[in-house]
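Accompanying notes for the structure given below.
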Protein chains: 2
Amino acid sequence: MFASQDPDPRLAAARTAPHPCASWPDNGQGIRDTIDRVGDKWSILVIGILGSGPLRFGALYEQVPGISQRMLTLTLRHLERDGLVTRTSYPEMPPRVEYALTPLGEGMRETAYAFVQWATDHNPEIEAARLAYDTRTTR
Amino acid sequence: MFASQDPDPRLAAARTAPHPCASWPDNGQGIRDTIDRVGDKWSILVIGILGSGPLRFGALYEQVPGISQRMLTLTLRHLERDGLVTRTSYPEMPPRVEYALTPLGEGMRETAYAFVQWATDHNPEIEAARLAYDTRTTR
DNA sequence: CTGGATCCTCGTTGATACTG
DNA sequence: CAGTATCAACGAGGATCCAG
């Protein structure tokens with residue numbers, strides 16, 4: 001599959017010994033899910049908001065602009081399943097449910113924060129690059 | 001470029017404080033796109049791989065397991081548009097096109113690496129939480 | 001108040017075939 | 001080799017209604 005034939009010796013070299021770190025530590029296995037959890041539309045927002053302290057469903061619903069009830073429910077379920085968020089329901093009338101970050105979730109939040117920070121800092125460059133690209137290809 | 005921009009001392013404080021603000025610095029605007037770029041299925045993989053050095057389309061195609069030509073093309077276009085990757089085509093026969101990380105892309109890679117590292121380190125905990133959750137709800 | 005159940009739409013992806 | 005074009009399929013996400 002790999003060693004069958006190699007017209008270009010550079011390809012063989014590139015495949016066998018490129019650099020110490022050819023890619024990510026994991027690459028393509030379980031990490032995918034964790035990244036997806038952060039990459040999905042709402043999770044990071046929820047985690048960011050919960051970083052300031054526990055909140056009820058309704059409060060969360062108000063603080064995440066544009067989310068639907070369904071998506072908020074699903075997002076919270078996923079986060080709970082992954083051990084990032086705890087769900088505490090108080091059997092009262094009317095029902096009250098509070099969501100809070102676990103220590104694991106707090107760690108995730110801090111790590112994600114670093115990336116958000118980077119994205120914020122470099123957003124101007126990225127926007128500029130997009131503008132340049134668009135004008136270049138449109139013209 | 002890094003140390004010069006800090007007009008507001010509160011921002012610096014907000015970065016180090018445990019519970020700085022209600023949410024992320026940006027929240028809901030342009031950052032979304034950047035996060036989406038990382039969150040999408042292939043971009044991080046491509047960026048990670050390109051971290052070891054420039055590669056041709058075909059080599060990339062081989063190193064990303066399961067990607068389709070179309071998706072690789074689209075992913076590279078997006079990354080190029082955002083100024084994270086450069087595309088250099090050599091007018092030869094057969095055609096040769098090389099993709100490489102820009103400095104911006106390299107910065108993105110490093111920042112993302114921190115997160116991937118976290119995800120790798122804590123994957124066991126997350127998997128355990130999932131298992132616990134599933135058995136709890138299934139039983 | 002919280003959130004489960006349904007329906008429906010739209011975007012993203014993959015397979016395939018074709019071109020410079 | 002490095003794409004582009006086209007089409008079909010799938011699934012995430014939104015709207016709405018209903019229930020504990």
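Naming: A, B, ... by sequence-line order, numbering from 1 per chain.
- Looking only at side-chain heavy atoms (C-beta outward), B:V46 and B:L72 come within less than 4.5 Å of each other.
- Nucleotide C:dG14 holds its C1' atom 11 Å from the OH atom of B:Y61, rounded to whole Å.
- Using a 4.0 Å heavy-atom criterion, one finds that B:Y90 contacts no nucleic acid atom at all.
- Closest approach of B:T111 and A:A114 over heavy atoms only: CG2-O, 4.0 Å.
- Note: CZ (B:R77) to C1' (C:dT12) measures 18 Å, nearest angstrom.
- Residue B:R56 places at least one side-chain N or O closer than 4.0 Å to OP1 or OP2 of D:dA2.
- Contact annotation: the side chain of A:V64 approaches that of A:W42 to within less than 4.5 Å [non-hydrogen atoms, C-beta and beyond].
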Inset, instruction - Summarise protein proximity over nucleotides 10-20 of chain D in one line of letters, 5' to 3': B for base, S for sugar-phosphate only, - for none, counting protein heavy atoms closer than 4.0 Å. - result: ---BBB----B
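- A donor-acceptor pair under 3.5 Å links the side-chain atoms of B:T102 to the main chain of B:L84, judged by distance alone.
- Not a single donor-acceptor pair under 3.5 Å links the side chain of A:R81 to the backbone N or O of A:L76.
- Between the CG atom of B:L76 and the P atom of D:dC1 there is a distance of 16 Å, given to the nearest Å.
- Atom CD in A:E62 sits roughly 14 Å away from atom C1' in C:dT2 (whole-Å rounding).
- Distance, B:E80 CD to D:dG3 C1': 13 Å, rounded to whole Å.
- Look at CD on B:E92: it is 16 Å from C1' on D:dG3, rounded to the nearest Å.
- Checked by atom type and distance alone, the side chain of A:S43 pairs as donor or acceptor with a backbone atom of A:R37 at under 3.5 Å.
- Look at CE on B:M93: it is 11 Å from P on D:dC1, rounded to the nearest Å.
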